[in-house]
Amino acid sequence: MFPHEEKLIKERLGREPNEVENAMLEVMWSEHASYKSSRKWLKLLPTKNEHVILGPGEDAGVVKFDENTAIVVGIESHNHPSAVEPYGGAATGIGGIVRDILCMGARPIALLDPIRFGPLEKERNRYLFEYVVKGIADYGNRIGVPTVGGETEFDESLDSYTLVNVACIGLMSPEELVHSYVEESGLLLVLVGNKTGRDGIHGVTFASEELSENADRSAVQIPDPFTEKLLIEATLEALKTGKVKALKDLGGGGLTCASSEMAGKKGFGAIIYADRVPQREPNMNPMEVMISESQERMLFAVRKEDLNEITKIFEKYELEWVVVGETIEKPRYIVYWGDEKIADLPIDLLADVPTIEWEAKPYSIEKEVKTPEISVEEALIRVLSSPNIIDKEWVYRQYDHEVQGRTVLKPGLDAAVLKINDEYGLAFVSDGNPSYSYLNPCHGAMSAVAEAVRNLVSVGAKPLALVDNLNFASPERPEVYWSFIETIKGLRDAAKAFDLAYVSGNVSFYNEVGNKPIKPTPVVAALGRVKLENITTMDFKSEGEMIGIVGITKKELGGSELYRVLGIDGGVAPKVELEREKKNAEGILKAIELGLVKAVHDVSKGGIAVALMEMALAGGVGFEVDINKVPVKGELSPVEVLFSESQARFIVSFNKEDLEKLRELFDEFAVIGEVKGKILLFKNKEEELARLSLEKAQEFYNSLPKLLGEEE
Amino acid sequence: MPKFAVIVFPGTNCDFETVSAIKKAGGKAERVWYKQSLKDFDGVVLPGGFSYADYLRAGAISARAEIMEEVKALAGEGKPVLGICNGFQVLTESGLLSGALRPNKIPRFLCRWVYLKVSDTQTAFTQFYEEGEVIRMPIAHAEGNYYADDLSKVKIAFQYSDEKGSIVEEANPNGSLLNIAGISNEKGNVLGMMPHPERASDKWLGSEDGLKVFKSMVEYAKR
Amino acid sequence: MKWKARIIVRLKEGLNDPEGRVIGKALKNLGYKIDELKVPKYFEVVFESDEPEKEVEEMCKRLLANPVIHTYEYEIESLGE
Amino acid sequence: MKWKARIIVRLKEGLNDPEGRVIGKALKNLGYKIDELKVPKYFEVVFESDEPEKEVEEMCKRLLANPVIHTYEYEIESLGE
Ligand SMILES: Nc1ncnc2c1ncn2[C@@H]1O[C@H](COP(=O)(O)OP(=O)(O)O)[C@@H](O)[C@H]1O
Ligand SMILES: [Mg+2]
């Protein structure tokens with residue numbers, strides 16, 4: 001808390017808060033819980049349209065899939081805890097987002113894990129990477145929620161740090177929605193799940209401070225997926241009774257946050273009997289109990305006469321429960337410890353935190369640079385073997401991505417697809433491009449949305465809704481705050497262009513190590529709806545198919561994978577032209593609907609070269625392309641054509657007879673080659689630029705275990 | 001129509017899709033919490049998941065639950081008992097099938113599709129397959145490496161194979177003895193398998209090859 | 001009477017130990033000269049009993065070890081009343 | 001010189017320990033009077049070194065334990081040349 005805030009609290013309260021009150025206010029007024037530095041800007045984001053049942057404001061957003069089906073979606077970061085204890089930090093991140101979905105009334109059905117690390121050459125980064133993945137695997141697998149996709153990125157700027165974001169979706173029918181707030185007094189507040197220990201006592205404030213060298217153990221917790229799984233089943237069974245009046249999980253801010261928000265949102269108050277909370281550690285004091293962030297706990301509001309019916313369900317699942325308080329008419333937040341009243345605050349004092357606007361200072365680092373002289377062949381090999389490009393199979397094979405029996409498109413493709421009913425599936429994907437965002441925060445943010453949309457349409461899905469996770473350094477740095485605002489503007493404009501809304505999101509500030517800010521890292525997760533029979537994949541299907549490119553290639557290599565492997569920091573980041581993005585995406589959907597394309601893949605990291613290689617490897621068949629046929633704007637060398645990361649582009653394969661119909665769908669379309677043989681062959685007119693056997697390419701592509709020192 | 005109990009232990013997580021697959025195969029099926037009784041059921045399926053979070057050893061704690069006495073009795077009567085993944089681990093841990101499922105040769109969780117050769121069609125769960133038929137199903141486990149010092153009391157039902165049905169080392173995902181993916185007791189009414197037939201019972205999910213496991217079981221239970 | 005048992009459950013001789021191998025390899029990669037690394041399971045149990053030896057033996061047989069693949073050993077220490 | 005280290009890695013006091021709790025409960029269900037059950041990690045490492053103490057300490061810090069949540073202890077025994 002800042003001094004001016006302490007002063008304001010004293011004024012509003014008319015006295016000094018006591019120690020317990022102060023601790024509670026401290027967590028509620030933290031950046032993490034109050035969004036005080038971001039709230040004002042987040043309001044710029046579009047949050048409503050015909051698909052939105054419930055926008056931001058509760059634990060997760062709700063999207064209409066069809067008349068009988070609603071999808072709950074949320075995204076969360078667990079960066080600091082994962083940097084300190086990767087296994088537990090990442091695992092409890094999964095636990096948190098899953099409970100957010102659950103407490104809206106939905107069964108969690110899938111997870112995504114966009115995760116980012118420093119370079120793998122360093123021991124600490126390998127350690128963080130391996131244990132983050134293991135944490136996600138052990139938790140997600142054990143609770144039976146499939147992790148169906150994600151991102152894995154490595155960047156110098158994250159040395160010894162990690163960004164762990166997780167997105168989750170849940171499935172329910174719209175009338176099953178439960179809210180996180182009560183609308184009557186006299187309800188019992190029932191705390192269910194794990195005992196409360198001294199976990200994360202400084203967690204909320206911790207997440208809002210730069211990572212210090214000796215972060216103490218209160219920052220991290222031991223994950224308990226066993227209890228989480230029981231909580232999921234017990235909660236869903238309790239909800240079936242129709243007698244749960246409000247439901248919230250305990251996350252940041254613990255019991256204080258959950259109960260005060262549940263009671264206060266619609267103007268009621270609460271009395272909490274803190275001494276009733278089951279304690280895991282001896283001699284805990286009231287303050288510790290009230291703000292502990294122990295995991296795997298939920299708070300239910302039920303009427304007295306329904307208590308028995310509901311708690312029987314908890315007992316069936318051998319979950320500990322206790323009536324920890326009740327809601328009252330008066331809008332106060334009162335805490336007892338035995339007979340002693342230890343806190344008594346106006347309930348809105350906890351939630352009503354004034355915004356802070358920091359100084360924002362623009363920066364401009366984009367500038368033309370010359371691409372070094374390098375042969376296509378060498379560039380190809382360097383990029384194909386970059387950790388950012390190679391196959392992430394090592395990661396997603398550790399995740400049960402099939403449990404619950406819905407996963408139609410598995411990880412490794414453009415987007416995952418989950419079967420929702422016999423006719424339709426839900427596509428789910430996440431994207432972020434911090435290297436672009438660093439050079440140009442606004443266009444970087446737009447590209448995250450645009451890429452997510454491209455990934456959705458590539459599998460044949462029509463975009464439905466978005467969530468965003470904004471990972472930034474300290475907002476107190478003027479350049480960072482400016483980049484944050486630019487990011488929001490980019491996210492806003494891109495979403496508007498596609499008629500999409502953000503239904504939920506998360507902001508994580510203060511991501512820095514050793515006094516160095518991270519790159520602005522907005523991560524977007526997107527949902528789409530796809531007719532099962534339209535689902536398209538990126539693998540080349542058979543020899544003889546023609547290869548076409550949609551979109552224009554420009555000299556946009558700033559933040560590209562080529563520049564990264566060549567150690568070039570600057571350059572001009574790809575610019576997003578929203579009209580073009582929209583047109584091309586619609587064209588792709590149309591082409592898929594009409595059955596004109598065999599394979600579709602968006603062009604992203606690594607440019608055309610990587611997109612083609614991925615399509616070839618997925619299909620087990622080679623190609624021959626002439627890059628001279630690629631429509632370009634400006635003067636580009638062959639290397640630049642192949643590795644530019646210009647936006648709004650797709651590669652498609654198709655049968656000759658469909659060429660004319662395809663041309664009609666796009667303003668910018670060119671045939672660049674054909675699917676053929678077992679060789680990846682790049683030509684410039686007649687000149688051969690590079691040739692690589694499928695086998696060799698596969699070897700590069702599968703080199704992650706080797707980079708981790710696993711192969712004998 | 002025969003009725004199957006799909007037993008749910010704390011931490012079981014493939015129960016719903018297993019019930020669906022049995023229904024699709026023409027049987028009746030119910031999720032049965034491990035404290036309920038198995039009276040009135042014509043067969044039992046122990047589904048996949050992480051009962052007791054796999055703490056100690058996969059399946060070890062569930063195998064000591066009281067309901068397993070009922071499962072043993074039912075098996076003794078000749079009724080079909082199928083253990084899938086964690087269910088297979090429960091069956092070996094409880095002694096209903098001999099041997100043990102050890103950590104994978106690369107000791108971590110592995111989720112991928114595999115080919116299986118059907119090595120024995122004389123069981124309650126494989127009668128609708130052809131001898132030697134090659135089928136596709138996903139595996140998803142960390143402890144599926146079958147080991148036994150004595151194979152005399154079991155029959156091999158499924159083996160990891162290549163696409164053509166050859167039992168080769170490269171096709172062995174977890175280090176299992178003789179590429180064993182599934183075994184049954186001598187009578188063929190108790191079968192455990194690591195691959196997930198319920199995840200291969202819908203064309204949209206990649207294959208319907210697993211459906212015959214349930215169809216065979218339903219048919220067998222009708223007798 | 002209260003007791004504390006320290007129980008070690010080992011893989012039978014001759015069975016390969018993928019978990020030990022991988023951790024050993026990871027330590028080798030960090031530069032140590034590892035000949036062998038094993039990760040037996042280890043339990044510390046505080047319990048009440050009149051027949052501690054018999055009960056610990058039973059706990060191992062009935063739950064903590066799997067006789068198909070494991071051997072076990074233990075020490076029992078008295079914690080008094 | 002060759003050495004054998006026995007390393008025990010424990011969760012710090014007060015941390016949640018679902019694994020120990022679940023296994024302890026399973027033993028209770030079998031009828032034993034369990035007060036507490038813990039499952040520390042246990043490693044037996046045979047290695048070559050000129051500075052065994054220093055290296056074991058390092059192995060713990062770098063890989064086997066995370067000082068944020070774990071404490072560790074070890075014994076080192078000489079196995080001669
Ligand atoms: N951490 C991860 N968890 C699960 N799947 C992942 C992870 N990282 C990457 N993937 C999967 O690998 C594939 C390629 O990822 P990526 O290169 O980021 O895709 P794209 O460039 O199309 O956005 C995707 O299917 C993605 O879901
Ligand atoms: Mg890609």
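The chains referred to below are lettered A, B, ... by the order of the sequence lines, with proteins before strands, and numbering in each begins at 1.
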Under 3.5 Å, is there a donor-acceptor pair linking the side chains of C:Glu57 and C:Tyr74? yes
Which region of C:Arg10, side chain (C-beta onward) or backbone (N, CA, C, O), has a non-hydrogen atom less than 4.5 Å from a non-hydrogen atom of chain D, or is it both or neither? side chain
Does any non-hydrogen side-chain atom of D:Ile7 lie less than 4.5 Å from one of D:Cys60? yes
Is it true that C:Asp17 and C:Lys38 have a side-chain N and a carboxylate O under 4.0 angstrom from each other? no
Please determine, among D:Ile34, D:Asp35, D:Val45, the option with the most heavy-atom pairs under 4.5 Å with chain C. D:Asp35
Where does C:Leu64 contact chain D at under 4.5 Å (heavy atoms): side chain, backbone, both or neither? side chain
Identify the heavy atoms of D:Val68 and D:Lys12 that sit nearest to each other, and give their distance. O-NZ, 3.2 Å
Counting N and O atoms only, with roles assigned by atom type, does the side chain of C:Trp3 sit under 3.5 Å from a partner on the main chain of C:Ser49, one being a donor and the other an acceptor? yes
Is chain D contacted by the side chain of C:Lys4, its backbone, both, or neither, given a heavy-atom distance below 4.5 Å? neither
Per-residue tally against chain D (heavy atom, under 4.5 Å) across C:Leu63, C:Val39, C:Leu30 peaks at C:Leu30
Quick one: what part of D:Lys28 sits under 4.5 Å from any heavy atom of chain C, side chain, backbone, both or neither? neither
